[in-house]
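Worksheet for the structure shown next.
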Amino acid sequence: MGIPLEVRDVWVNKRNGFMIASPVEEQKILNARNCTNEGVRAGFRAASIACVASAVPTLVAVRVIPWAKRNLNYTAQALIISAASIAAYFITADKTILECARRNSRLEDALRHQR
């Protein structure tokens, strides 16, 4: 059993396609990949900072404040810290990717008007 060779070859060839991307399309793909990488790096940096910035007060509060001692177990502490980190990551990555896309768009417009 499995996928017959003929069907597999059709799928593989369909993925490659017979069309060749133009240099402009290749440049756009490269710009998009660079924007994504830049967004991931900035998001990771922001998530790391947010993790420390939310972990310190949370852990101090659990040791000092009586209400937090009674009500915040380990799961609640982890949720508070991870929620802050996740939010920081996605917000920063989204803003960075959008700003990079705007920058690339302005550059394309400037180059188009220059010709």
Side-chain angles (χ1 to χ4, degrees):
M1 287 270 166
I3 300 173
L5 291 176
E6 299 83 28
V7 175
R8 189 193 66 190
D9 290 340
V10 169
W11 283 347
V12 169
N13 292 336
K14 190 179 269 189
R15 241 187 316 173
N16 294 337
F18 63 91
M19 306 276 290
I20 299 173
S22 71
V24 174
E25 290 173 341
E26 289 178 357
Q27 185 62 38
K28 285 183 181 181
I29 291 169
L30 184 64
N31 287 343
R33 189 172 296 135
N34 288 340
C35 286
T36 304
N37 289 340
E38 187 178 327
V40 168
R41 272 189 246 109
F44 182 75
R45 192 177 317 121
S48 301
I49 294 168
C51 179
V52 172
S54 65
V56 172
T58 301
L59 297 176
V60 168
V62 168
R63 300 217 183 260
V64 175
I65 300 172
W67 178 89
K69 280 184 189 177
R70 286 191 312 270
N71 294 315
L72 296 179
N73 60 11
Y74 295 122
T75 305
Q77 295 168 33
L79 285 172
I80 291 168
I81 295 166
S82 63
S85 300
I86 292 168
Y89 175 83
F90 282 111
I91 290 169
T92 305
D94 186 47
K95 284 185 174 184
T96 305
I97 291 170
L98 287 174
E99 178 57 36
C100 185
R102 277 191 209 104
R103 191 172 49 228
N104 289 336
S105 177
R106 286 188 206 120
L107 178 64
E108 283 180 17
D109 286 345
L111 291 175
R112 191 177 306 127
H113 286 42
Q114 189 179 23
R115 293 181 192 170

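In this text, all values refer to a predicted model and were calculated from it rather than measured experimentally.
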- Item | Step-by-step salt bridge (charged side-chain N to carboxylate O under 4.0 Å, His left out) determination, Asp109 to Arg106 | CA-CA 5 Å; Asp109 286 345; Arg106 286 188 206 120; over 6 Å; no

- Item | Pair Glu108, Asn104: side-chain N/O donor-acceptor within cut-off below 3.5 Å | no

- Query: Do Val60 and Trp67 share a hydrophobic cluster (ILVMFWY, side-chain heavy atoms under 4.5 Å, transitive)?
  - Reply: no

- Mind checking whether Ile80 and Ile65 sit in one hydrophobic cluster, side chains of I, L, V, M, F, W, Y counted as touching below 4.5 Å? yes

- Message: Strictly distance-based, threshold 3.5 Å: is any side-chain N or O of Gln77 a donor or acceptor partner for the main-chain N or O of Leu59?
- Response: no

- Message: Has Thr36 got a side-chain atom pairing as donor or acceptor with Ala32's backbone, closer than 3.5 angstrom?
- Response: yes

- Indicate the atoms forming the closest heavy-atom contact of Ala50 with Ala88, along with that distance. CB-CB, 3.6 Å

- Which atom names give the shortest non-hydrogen contact between Leu72 and Ala76, and what distance separates them? CD2-CB, 3.8 Å

- Query: Looking at Lys28, Arg33, Gln27, which hits side chain to side chain donor-acceptor pair (under 3.5 Å) with Asn31?
  - Reply: Gln27

Roughly how far, to the nearest 0.5 Å, is the [atom2] atom of [Y] from the [atom1] atom of [X]?
X      : Y     : atom1 : atom2 : value
Phe44  : Ile49 : CZ    : CD1   : 10.5 Å
Ile29  : Asn34 : CD1   : CG    : 12.0 Å
Ser105 : Leu98 : OG    : CG    : 12.0 Å

- All side chain to side chain donor-acceptor pair (under 3.5 Å) counterparts of Glu38, not counting sequence neighbours: Arg103

- Task: Kindly state each residue pair satisfying disulfide bond (SG atoms under 2.5 Å apart) with at least one member in residues 39-105, sequence neighbours excluded.
- Result: Cys35-Cys100

- Task: Please lay out, stage by stage, how Glu99 and Arg102 fare under the test salt bridge (charged side-chain N to carboxylate O under 4.0 Å, His left out).
- Result: CA-CA 5 Å; Glu99 178 57 36; Arg102 277 191 209 104; 3.4 Å; yes

- Message: Applying side chain to side chain contact (heavy atoms under 4.5 Å, CB included) to Tyr89 and Val40, what does each step give before you reach the verdict?
- Response: CA-CA 8 Å; Tyr89 175 83; Val40 168; 3.8 Å; yes

